[in-house]
Amino acid sequence: MKTIIANYKMHCTMRESGALARGTLRALPADASNLHVVVCPSFPSLRDVRKIVAKTPIDLGAQNVSSMPNGAMTGEVSAAQLKDAGCAFVLVGHSERRTQLGETDAMIKCKMEQVLHVGMTPVLCVGETKEQHDRGDGAKTVIAQIVAALDGVVVPRSERIVVAYEPAWAIGREAAAVSDVVAMHREIRRAVRNVCGAERDVAVLYGGAVDEKNVQEFLREQEIDGVLVGGASVVLHEFVLLLNAAMATTQTQSV
Ligand code: PGA
């Protein structure tokens, strides 16, 4: 089973998000059991998209969550509110939030706790910047982000720990080399198990310029449990091609 998460970012109106979700649903045959799709519209569209994906195999996710549980926090949206809105997944610590919106490791850890506390699944996003990559500090950076987000956090035994490796330099630009991604995913899996326990079920997704042309290269790898897709998820015909390519890969793998 491979996971595909569509991250609409701040691109879509409610009507556009609904059309994307409807088109995604239409593109998935009822027996697409090797593919798990999660769509993450922005907050105002959650309600409409929920209506479309409710009682379907597509899950609803949010792009962000408050690090606080409730109270006088103008403009924030809590984990409990997202759960109430129908979300099962929440992206936590996306690099755009880390690098452009001042999200710190401490905030990210609190967000992980909030999401887990209400019974949703956090998708912990990690990844190095271009400078860290060029210095050869990619793995060191990513491991430090994992330790900061998970150390001391109680993750229920039954919970699959989902991490998305998204090198900031690849997002919206050019995808990382598959062999480098595979090597990083091994490091990530090891780091998560060091922190959370050797027997933990860990899924590691790749994100960064994934499209219909390269998705198969990534999904073919056993170390890559899925992909997080930004730009190519908000153009319906591109996303449908991507889903078709992904389905073709997972079908080949299951026979
Ligand atoms: P991209 O974005 O597919 O446009 O590179 C991925 C992401 O930031 O989640």
Side-chain angles (χ1 to χ4, degrees), residues 2-12 16-17 20-21 23-24 35-43 45-46 49 58-65 87-103 108 111-112 115 121-130 132-133 138 141-142 145-146 149 162-178 180-181 184-185 188 203-219 221 224-246 249:
K2 300 279 182 176
T3 299
I4 302 209
I5 303 183
N7 176 10
Y8 298 170
K9 304 195 180 182
M10 201 170 67
H11 289 304
C12 305
E16 288 162 348
S17 299
L20 284 171
T24 300
L35 219 53
H36 173 217
V37 177
V38 181
V39 292
C40 304
S42 44
F43 292 147
S45 302
L46 284 172
V49 173
I58 298 179
D59 274 319
L60 186 64
Q63 299 173 17
N64 184 32
V65 62
C87 293
F89 291 81
V90 183
L91 305 183
V92 175
H94 190 282
S95 75
E96 285 151 14
R97 302 202 56 83
R98 290 179 191 260
T99 60
Q100 299 171 48
L101 294 156
E103 210 161 275
I108 290 165
K111 290 178 182 211
M112 293 293 289
V115 173
T121 300
V123 177
L124 172 63
C125 301
V126 296
E128 77 281 11
T129 61
K130 172 97 174 71
Q132 289 161 335
H133 177 74
T141 305
V142 165
Q145 289 171 341
I146 287 170
V162 186
V163 179
Y165 170 54
E166 297 202 297
W169 48 270
I171 293 175
R173 295 192 178 89
E174 196 180 337
V178 176
D180 292 346
V181 172
M184 188 67 93
H185 281 207
I188 289 172
V204 191
L205 318 183
Y206 168 73
V210 175
D211 59 22
E212 74 277 13
K213 293 186 230 59
N214 61 22
V215 67
Q216 292 192 325
E217 290 170 42
F218 290 108
L219 293 186
E221 298 292 334
I224 302 178
D225 296 297
V227 287
L228 176 46
V229 186
S233 76
V234 293
V235 182
L236 184 57
H237 71 269
E238 282 181 27
F239 194 57
V240 169
L241 288 174
L242 185 151
L243 287 174
N244 289 341
T249 314

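Atoms within a ligand are numbered from 1 in the order they appear, just like the ligands themselves.
The backbone N or O of Thr129 lies less than 3.5 Å from a partner atom in the side chain of Gln132, making a donor-acceptor pair. Although no hydrogens or angles enter the test, the distance criterion places no donor-acceptor pair under 3.5 Å between the side chain of Tyr8 and the main chain of Ser45. Judged by distance alone, with hydrogens and angles left aside, the side-chain atoms of Lys111 form a donor-acceptor pair with the main-chain N or O of Val65 at under 3.5 Å. Judged by distance alone, the side chain of Lys2 and the main-chain N or O of Leu219 form a donor-acceptor pair under 3.5 Å. With Asp225 contributing its side chain and Val162 its backbone, the two residues share no donor-acceptor pair below 3.5 Å.
By the 3.5 Å distance cut-off applied to N or O atoms, Ala232 is not counted among the residues near ligand 1. At least one N or O atom of Ala209, backbone or side chain, sits closer than 3.5 Å to an N or O atom of ligand 1.
Heavy-atom proximity to Gly172, at under 4.0 Å, picks out these atoms of ligand 1: 1 (P), 4 (O), 5 (O). The atoms of ligand 1 that sit less than 4.0 Å from any heavy atom of Asn7 are 9 (O). Shown in contact with Gly208 at under 4.0 Å from a heavy atom are these atoms of ligand 1, numbered in order with element: 5 (O). Against a heavy-atom cut-off of under 4.0 Å, Leu228 is close to the following atoms of ligand 1: 9 (O). When each atom of ligand 1 is checked for a heavy atom of Ile171 under 4.0 Å away, the hits are 2 (O), 5 (O), 8 (O).
For atom 7 (C) of ligand 1, the closest heavy atom belonging to the protein is Glu166 OE2, 3.0 Å. The protein non-hydrogen atom at the shortest distance from atom 3 (O) of ligand 1 is Gly230 N, 2.8 Å. Given atom 4 (O) of ligand 1, the protein heavy atom at minimum distance is Gly231 N, 2.8 Å. At the shortest separation from atom 2 (O) of ligand 1 among protein heavy atoms lies Lys9 NZ, 3.2 Å.
How far OG1 of Thr249 is from CD of Glu217: 10.0 Å, rounded to the nearest 0.5 Å. Interatomic distance, OG1 of Thr24 versus CG of Leu243, reported as 6.0 Å (0.5 Å rounding).
Side-chain atoms of His94 and Gln63 form no donor-acceptor pair, as typed in the model, at a separation below 3.5 Å.
The shell of residues lying under 4.0 angstrom from ligand 1, judged by heavy atoms, includes His94.
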